[in-house]
Number of protein chains: 2
Amino acid sequence: MTAPAPVVRKGRKGAGLTLRDVARLAGVAPITASRALNTPDAVSETVLKKVREAVERTGYVPNLLAGGLASKKSRLVAAVVPTIVGPIFLETVQSLTEALADAGYQLMLGQSGYENSREDALLEAIIGRRPDGVVLTGIMRSAESRKRLLASGIPVVETWDLTPTPIDMLVGFSHERIGVAVAQHLHAAGRRRVAVIAGVDERSRRRARAFSDEAVRLGMAVAGRKEVPQCMVPAPTTLGSGRTGLADLLGQDGAIDGVFCSSDILAMGVMIEAQVRGVAIPSQLAVMGFGDLSFSRDLHPQLTTVRIDGTGIGKTAARFIIERAEGREVPERVQDIGFTIIERQSV
Amino acid sequence: MTAPAPVVRKGRKGAGLTLRDVARLAGVAPITASRALNTPDAVSETVLKKVREAVERTGYVPNLLAGGLASKKSRLVAAVVPTIVGPIFLETVQSLTEALADAGYQLMLGQSGYENSREDALLEAIIGRRPDGVVLTGIMRSAESRKRLLASGIPVVETWDLTPTPIDMLVGFSHERIGVAVAQHLHAAGRRRVAVIAGVDERSRRRARAFSDEAVRLGMAVAGRKEVPQCMVPAPTTLGSGRTGLADLLGQDGAIDGVFCSSDILAMGVMIEAQVRGVAIPSQLAVMGFGDLSFSRDLHPQLTTVRIDGTGIGKTAARFIIERAEGREVPERVQDIGFTIIERQSV
DNA sequence: ATGAAAGCGCTAACAG
DNA sequence: CTGTTAGCGCTTTCAT
């Protein structure tokens, strides 16, 4: 048997280049080169230098697919959002991406859409990549999906909600408590007839319901009524929905002096419509939003709203996943990150 | 030698399950099972049914890492944005994710930040995954990065800009032409003293410069001046920047009757500040934005702005990448998607 | 239409 | 500290 012909080197530098090539250039075994790259402390100064030189010269970039397959660590984390349009989850995705990148992990983004149909295909695509973790914004709806995720054994962090039965880990807050707190805030500010405008997504609805219940309890509904005036608008919410929402509410019986909007965008629409109609804020109408988007403080009047620490959620979720990926346990798997009512001028 | 002990099956269903297990269950060779899954047309009805049954029963999900390694097709596409916060690129990322998902590709999201420092590490992480394509929003700045990308041989689509020397493929529009068109629009509307508020990012700056030059040419600057009043604000732009921007401009010498804002957010801030100061829009001041964000049509007055088909950009970029991934050539590698001036009430 | 063998590029496990 | 060996789970190539 003759020795095999030397492997034909591809023309492009960096393409088709493997660890073997680098190792050969550095005069060491592939595994040694691997160690020089991944656990530099485990090799001698000399070897380290030679390998780094070889990498530098060739422009070698390790194949993470191969590495992931061999080590069963993909350094990939999947994030699922209903939709990326709509600024609510943005802050979370942003900080998640950053926190992960800092630790050498990449983010894979999936949009589940607001219907269930895509969820299954998406889940399959995710599990197929064997990510080191999955971050869910909002709760996975279909029980089937939840089961598959659980079965896959991949660390999961649910966010932006609290649930009695988390799949695995969770960092969120109570939408019910927000509804209650907002009603109380409005009541404390002297408002006596309130209404709510909410997008038809499940969490908004829960905030609205809790708000309505508490408002009724505090006597802020028309006597005898079991709920306050509501206006449901399509998700994702828009400025336009806020405008028509207020118009709708104003058209209903009974004057209102306060309105809770399920998003800051909606609240801004309400403010614009109020201005157009000559309804003074806050004297005639108090407005509260949800989300504390960056523009809210710059409105006129400044918007009183509920702040969620989206960045904190992202960071914590990243930490949870990374802890698990490195084989450590996460002692407090459920974290209530709470919320803050930001008092500004619109109430 | 004795036969090795049977492999211990992991407890969790779906975990550690391989194609071999499925094949065994279906009574075929692994490769046949593989074909049943990937190229169903290449196997008999009988085999197809048996394999599908086995998959169903076991909850098997193919390991895409292994598949990608063997086939050199990762079905992964990387997208790089400066930051995901800031609604400009959202539409593009959204449609990109969807179009890719429909074709069985996943999106990996990277944020380069507005400085160059992270770009290199990010690029390494991206190339390491051997994606089937990379979509860049805005141009990669460092020449080093561009070179590495080119060397990697990965299909690249640059977006949101036009450049004489694209790395590979490109779908964008001319920021210069937008500046010119906006100046002309304002001029045609009878404005004679215009100004510009722009974020300090490179593309905004180019729009602003082209706008200024054209405005000067049309005689919309103070006689003898070589540029119109400008106010540069930090990127990403905010409502607050728009408000202070207008205040700044109003404080400068010479009354203005029109202002071009480098983003709709900025324009909205201008409108709020104008309202607070009792400056009537459009009669006293015409306002134009850029981006046509969803809220722009719902403002009062409705915002006249420049619309970019972000969804179209995402779709086209996805198509380009997919074409290449499937081995086809893309004949028109540079596509100017243009822009539209949306005439509403603020001019 | 189906299968056997080989290997993608890397790392775990075990030597030395 | 360094190297050898043996896969990770899949697909390619080449037979049958």
Side-chain angles (χ1 to χ4, degrees), chain A residues 4 7-10 14-51 54-55 58 60-76 127-130 132 152 327, chain B residues 1 4 7-10 14-51 55 58 60-76 127-130 132 152 327:
Chain A
V7 178
V8 177
R9 179 64 63 72
K10 299 277 180 50
L17 199 65
T18 75
L19 189 59
R20 274 183 60 175
D21 301 319
V22 171
R24 193 149 34 198
L25 233 155
V28 297
I31 182 64
T32 304
S34 168
R35 285 196 269 249
L37 263 28
N38 299 313
T39 51
D41 293 339
V43 300
S44 67
E45 282 290 325
T46 343
V47 165
L48 190 55
K49 222 184 81 189
K50 282 192 295 184
V51 171
V55 168
T58 54
Y60 167 72
V61 180
N63 184 328
L64 267 40
L65 255 48
L69 180 59
S71 69
K72 301 184 167 308
K73 290 190 168 111
S74 64
R75 306 210 126 231
L76 202 78
I127 296 180
R129 303 247 178 229
R130 305 294 190 263
D132 291 340
S152 74
Chain B
M1 258 182 270
V7 177
V8 178
R9 179 64 62 73
K10 300 278 178 49
L17 199 65
T18 77
L19 189 58
R20 275 182 60 174
D21 301 318
V22 172
R24 193 150 33 202
L25 235 155
V28 296
I31 181 60
T32 304
S34 168
R35 284 196 269 251
L37 262 30
N38 299 313
T39 51
D41 293 339
V43 299
S44 68
E45 282 291 324
T46 344
V47 165
L48 190 56
K49 224 185 81 189
K50 281 193 296 185
V51 171
V55 168
T58 53
Y60 167 73
V61 180
N63 184 328
L64 268 39
L65 253 50
L69 179 59
S71 69
K72 302 187 167 307
K73 288 188 169 106
S74 62
R75 308 212 122 227
L76 213 108
I127 296 180
R129 304 247 179 230
R130 305 295 190 262
D132 291 339
S152 73

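By convention in this document, chain letters (A, B, ...) are assigned in the order of the sequence lines, proteins followed by strands, and residues within each chain are numbered from 1.
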What's the closest nucleotide to the [X] side chain, out of [options]?
X: L19(A); options: dC10(C), dG3(C), dC10(D); result: dC10(C)
X: P62(A); options: dT11(C), dC10(C), dG9(C); result: dC10(C)
X: T32(A); options: dC10(D), dG3(D), dT11(C); result: dG3(D)
X: A70(B); options: dG3(C), dC10(D), dG9(C); result: dC10(D)
X: S44(B); options: dC8(D), dA1(C), dC8(C); result: dA1(C)
X: A29(B); options: dT2(D), dC10(C), dG3(C); result: dG3(C)
X: S71(A); options: dT11(C), dG9(C), dG9(D); result: dT11(C)
X: A66(A); options: dG3(C), dC10(D), dG9(C); result: dG9(C)

Integer-rounded Å distance: [N] [atom2] and [X] [atom1]:
X: L69(B); N: dT11(C); atom1: CG; atom2: C1'; answer: 12 Å
X: I31(B); N: dA15(D); atom1: CD1; atom2: P; answer: 16 Å
X: R20(B); N: dG7(D); atom1: CZ; atom2: C1'; answer: 11 Å
X: L65(A); N: dG9(D); atom1: CG; atom2: P; answer: 14 Å
X: D21(A); N: dC10(C); atom1: CG; atom2: P; answer: 9 Å

Respond yes when some side-chain nitrogen or oxygen of [X] is under 4.0 Å from OP1 or OP2 of [N], and no when none is.
X: N63(A); N: dC8(C); result: no
X: Y60(B); N: dC10(D); result: yes
X: S34(B); N: dC10(D); result: no
X: K72(A); N: dG9(D); result: yes
X: K73(B); N: dC8(C); result: no

query: Would a 4.5 Å heavy-atom cut-off, applied to side chains only, mark R130(A) and L76(A) as touching?
result: no
Would you compute the distance between atom [atom1] of [X] and atom [atom2] of [Y] and round it to the nearest 0.5 angstrom?
X: L64(B); Y: I127(A); atom1: CG; atom2: CD1; answer: 11.5 Å
X: R24(B); Y: R20(B); atom1: CZ; atom2: CZ; answer: 5.5 Å
X: S74(B); Y: R129(A); atom1: OG; atom2: CZ; answer: 6.0 Å

- request: List the steps and the verdict of side-chain contact (heavy atoms from CB on, under 4.5 Å) for L37(A) and Y60(A).
  value: CA-CA 11 Å; L37(A) 263 28; Y60(A) 167 72; 3.8 Å; yes
- prompt: Touch check for P30(A), heavy atoms < 4.0 angstrom, all strands: base, sugar-phosphate only, or nothing?
  reply: nothing
statement: Of D41(B) and G67(A), the one whose closest nucleotide on DNA chain C sits nearer the 5' end is D41(B)
- line: Nearest-nucleotide check on DNA chain C, A33(B) vs T18(A); residue mapping nearer the 5' end is A33(B)
query: Do the side chain of R130(B) and the base of dG9(C) come within less than 3.5 angstrom through a donor-acceptor pair of N or O atoms?
result: no
